[in-house]
Undergrad: 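One structure is given below, represented as structure tokens, and several questions about it will come after.
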Amino acid sequence: MSLSQMTNSRRDIFKFAGGAVAGALFTPAPWRLITDTALWSENWPGIPRPARGEIRFKFTNCALCPAGCAVRARCVGEQPVSLAGVRGGLCPFGLSAHHLPYHPARLKQGPILEATAAVFQGAGKRAPNGIAVLDLNPGRTVSWTYRRAMASLKGLYLAPESQPLAYDLSAAKTVLSIGAPLLDGWGTPANVLAARPNFRLIQAEAVESRTAMLADQWIQLAPGTESAFAQSIPSLPYAKDLSLVLGDAPEIPEINRQLGAYGKTVFARPEAPVPEAWSKNAAAVTELAGVPDHSISVLLIDESSAVSYIPWHRIQRKLVRENPLVVTFATTRGGYARYAQYALPTAVYPEVLDDIAPAVDCIHPTFRIAVPLVPPPAGVVNPADFVSALAGLPASNSLRERADAVHHTTQGTVLTYADNKETPLKDLTADAFWKSLNDGTRWDRPPGLSIPSTVSACQPAAGRPSSPEPPESPADLPLIAIREPYTPALVSPLMTKLYQESGLRLAPNRVALNPRDARAANLSNGARATLQTRIGKCSVEVTVDPAVPPGAVQVGCSPGIQDVCGPSSRAKVVSA
Amino acid sequence: MTSHTNNLPAARYGMAIDVDRCNGCGSCMVACAVENNVPPAAAGATDRTGLTWIRVFKIDNGAEGSERRSAFVPVLCQHCGKDAPCVSVCPQQAVDVDPATGIVGQMPERCLGCRYCMAACPYHARYFNWWDPAWPAGMEKTLNPDVAPRMRGVVEKCNFCHGRWHAAKAKAVANGKTAIDPTDYIPACVEACPSGAIHFGNLNDPATETAQDARLPDSFRMLESLATDPKIYYRSRKNWVREISRAPRPGAAAPRAGTAVPRPGTAAPRAGTAAPSAGAAKESSRG
């Protein structure tokens, strides 16, 4: 080979470069480069770095519902980073409640000064009994503040129920539940599940709910026939074996009376003791339905920790026709804030200092406090202070006063969550009792010391809705509504794991239809639609679910849906 | 996930989930997301693109009307044995089985996002980060300091709350012990379950409740015919639930009895299972 033949052409250079590139792919270098790039990208700005610090544990009670589950908060410094149950697990809402202060829909600012001026002005001009407070989580210490304030102002204290009942599942042998979500947020999860092995559960409802799945027997009812089934209970072959009937049907209190459940498994819901001066000067508890129509000129609604929702049209019926003033204490704009002139922001659990209302499954008095785990933001209003100032009540620490009233009884025991120890109340000083309440404890008066007052039966409230409801036409509204259990108004963004990413729970703004009904309405899974009832209509998203019986629509529990559609309402879903 | 656990005896952590006690509340899913800094769903996330290290599926017996019966089945990484399909396909060695614990670990910093492991996993228990992790303003303060958030483009999955295992190990070592106290290491989903449907423990220790549950006649594992040796045991007294779990894919007939891999401590294939009727498993169409 001559030297002239060894000259490199341009083609050779290209061949060498191409070969080098191809050969490099078979070396570790590019893979290492990709790995390093991946490592580097993990630290891109935008990916948050968790704060570090001393790990502490705090104890409190969950204030999202009257179950008031004991909570252990794992904190980095003062910031809670996870919540867990102390005696039994928490529901998903309670587990993620430490996210609520940061929820994008959380109300943080409001026209407090303007609302104060308007309420004072309105209260001065009102007609007799024209001012009222609607408390959607009655039985708390703040509820007594409202009652005292309304007694002073000669106003009304309104609650969803005037005579709430408590049920003793541990004394029941056979429970018939007509649609009550017994195993899905009805009572304190730990108590219900502890009692569950000892009673037979018969669940009667139209859809196989979470409770129906785990019941000993599921009786599938035709949608909308719950009342008819309740009326037929005395003639059922197993009626004599029933210890308790649960549900919302109006016939159920009378059936429980016939079964002899009052005094055995059904009791008046007991409250912790209150100072004597409070009970002497408190307005009576009035059901909203018992208020004459068009009689309230100033309505204050406390929905800050609501455990139920009353459709707006029932409230609106009670307001005067001209210029009613509605002020709501709320954590979001999604509830009554849509209708109120003023929506005032309040602290949200776990920012709030509040006691827990009596639980539906607890037949002896308890006293528990939700202690703030994080401070509330500036700009929120304390509803109790607002109403107290309106009535001119002297400023005081009402929670401490009530704790002293409890301590005065010297009865019962105090359970400390941190060490699971029970201490007789008589062994604690008033200051020590108050301190222990703030450190995460609960006071219980054991059943042996409690004398539950039996109730004869729930009497219908004095004034039921005066305007008769118009008849519903099956032709126009072919579906019958089945409602999901109530959920808090504000839930953690992580609930999207259940609502959106897995479809485990029906999201509050969704309705579920049987595939046949969905096809008939030309709707598909995820479609936007309009839910129509005789009350009104509401924008919803559609879930197609074969578990929903034909002819029914399972509705979420957003305030918008509840405003237009109650349980067993006739409805129609049309494409938006 | 390489563990330096020479001083601690080897364990084989697993779960026993009682399907008949699960009420589908979703506490396990939320507790898992809180513990492992899994972000809320992105706006476009669906049941196929979401991140749920543990997901509760609703299955039914395929009947109509009042004969229809449903059950909730929590599904997470089944923590297969040495022949875990995801381990063998990973080109980056980003997946391994920890010999000290039996936990199948995922190292997101090694992951390329090729998703071979997702394709290989017969349980669909792996999830890909389609979006950058994002929390509402302020909520990042609530992140667990023991777990690093993952970036977009990597696969993630259940690791039995490995941060908790590290904490328990550190505590054991600090106390001069050679073994972890079982009460110190409980994954978040187990701790959160209100109905006590999930038991967790060392399957190699016959004294643990989990190991005892695994030997009960009504216990089973998913897709046992694949011989992946999963460490998640399920229990149900309902035949149709057991049949669905044995099917190689939803809606298909289950393999014949006798092909199942024996459970620990048992020499014979499971007895008492019904003939393979076509239990049609359907994921809930909600979503």
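Here is how names work: the chains are called A, B, and so on, in the same order as the sequence lines, proteins then strands, and each is numbered from 1.
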Undergrad: Just one of B:N144, B:V147, B:N37 clears the side-chain contact (heavy atoms from CB on, under 4.5 Å) bar with A:P50, so which one?
TA: B:N37
Undergrad: Identify which part of A:R72 has an atom lying under 4.5 Å from any heavy atom of chain B, answering side chain, backbone, both or neither.
TA: side chain
Undergrad: I want to check something: taking the side chain as every heavy atom from C-beta on, are A:L494 and B:V34 in contact at a cut-off of under 4.5 Å?
TA: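 SC-SC contact between A:L494 and B:V34 confirmed.
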Undergrad: When only pairs under 4.5 Å are counted, which of B:T46, B:T52, B:T142, B:V30 shares the most heavy-atom pairs with chain A?
TA: B:T142
Undergrad: What's the shortest heavy-atom distance between B:M139 and A:P493, and which atoms?
TA: SD-CG, 3.8 Å
Undergrad: What option among B:G50, B:S70, B:G24, B:A192 has the most heavy-atom pairs under 4.5 Å with chain A?
TA: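 The candidate making the most pairs under 4.5 Å is B:S70.
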Undergrad: Is there a side-chain contact between B:D47 and A:S502, using heavy atoms and a 4.5 Å cut-off?
TA: no
Undergrad: Chain A heavy atoms under 4.5 Å from B:R48: which part of the residue, side chain, backbone, both or neither?
TA: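 Contact with chain A: none, neither part.
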Undergrad: When rounded to the nearest 0.5 angstrom, what is the spacing between CZ in B:R152 and CD1 in A:I47?
TA: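 Nearest 0.5 Å value for the CZ-CD1 distance: 9.0 Å.
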Undergrad: With the side chain counted from C-beta on, respond yes when B:M29 and A:L504 share a heavy-atom pair under 4.5 Å apart, and no when they do not.
TA: yes
Undergrad: Less than 4.5 Å to any heavy atom of chain A: does that hold for the side chain of B:A42, its backbone, both, or neither?
TA: backbone
Undergrad: Are any non-hydrogen side-chain atoms of B:R69 and A:W218 less than 4.5 angstrom apart?
TA: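 B:R69 reaches A:W218 side chain to side chain.
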Undergrad: Do you know which of A:E208, A:R52, A:Q220 has the most heavy-atom pairs with chain B at a distance under 4.5 angstrom?
TA: A:E208
Undergrad: Of all the heavy-atom pairs spanning B:S27 and A:L95, show the shortest one and how long it is.
TA: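 That closest heavy-atom pairing would be O-CD1, 3.3 Å.
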Undergrad: Which atoms of A:P80 are under 4.5 Å from chain B, going by heavy atoms: the side chain, the backbone, both sets, or neither?
TA: backbone
Undergrad: Sort B:A43 into side chain, backbone, both or neither according to what part of it lies under 4.5 angstrom from a heavy atom of chain A.
TA: backbone
Undergrad: Are B:C22 and A:L214 close enough that some pair of their side-chain heavy atoms sits under 4.5 Å apart?
TA: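 A side-chain contact is absent here, since even the closest heavy-atom pair is not under 4.5 Å.
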Undergrad: Look at A:L83, A:L498, A:L183, A:I55 and state which one has the largest set of heavy-atom pairs under 4.5 Å with chain B.
TA: A:L498
Undergrad: Please tell me if the side chains of A:K497 and B:L51 come closer than 4.5 Å, counting only heavy atoms from C-beta onward.
TA: yes
Undergrad: Of the non-hydrogen atoms in A:T496 and B:A41, which two are nearest, and what is the gap between them?
TA: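 The pair with the smallest heavy-atom distance is OG1-N, 3.0 Å.
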Undergrad: Select one option (side chain, backbone, both, neither) describing which atoms of A:L90 are under 4.5 Å from chain B's heavy atoms.
TA: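 When you check distances to chain B, only backbone atoms of A:L90 fall under 4.5 Å.
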Undergrad: So what's closer than 4.5 Å to chain A heavy atoms on B:A188: side chain, backbone, both or neither?
TA: neither
Undergrad: Just wondering, do B:R68 and A:P546 contact through their side chains at under 4.5 Å, heavy atoms?
TA: yes
Undergrad: If you count heavy-atom pairs under 4.5 Å between each of B:P91, B:C193, B:P136, B:C25 and chain A, which one has the most?
TA: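 Top count of heavy-atom pairs under 4.5 Å with chain A: B:C25.
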Undergrad: Check whether A:E501 gets within reach of chain B through its side chain, its backbone, both or neither, counting any heavy atom under 4.5 Å.
TA: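 Contact with chain B involves both backbone and side-chain atoms of A:E501.
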Undergrad: Taking side chain as C-beta onward, heavy atoms only, is B:S195 less than 4.5 Å from A:R196?
TA: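 The answer is no, as the side chains (C-beta and beyond) never meet within the 4.5 Å cut-off.
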Undergrad: At a 4.5 Å cut-off on heavy atoms, which part of B:A137 comes close to chain A: side chain, backbone, both, or neither?
TA: backbone
Undergrad: Between A:A84 and chain B, with a heavy-atom cut-off of 4.5 Å, which part of the residue counts as in contact: side chain, backbone, both or neither?
TA: side chain
Undergrad: Heavy-atom distances under 4.5 Å only: say whether A:I219 touches chain B with side chain, backbone, both or neither.
TA: neither
Undergrad: Rounded to the nearest 0.5 Å, how far apart are OG of A:S82 and CG of B:D146?
TA: 9.5 Å
Undergrad: Tell me if the OH atom of B:Y116 is crowded by more than 12 foreign heavy atoms within 6.0 Å.
TA: no
Undergrad: Any donor and acceptor pair, going by atom type alone, linking the side chain of B:N23 with main-chain N or O of A:R210 inside 3.5 Å?
TA: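 No.
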Undergrad: Would the number of heavy atoms belonging to other residues, nucleotides or ligands and lying under 6.0 Å from CZ of B:R237 be above 12?
TA: no
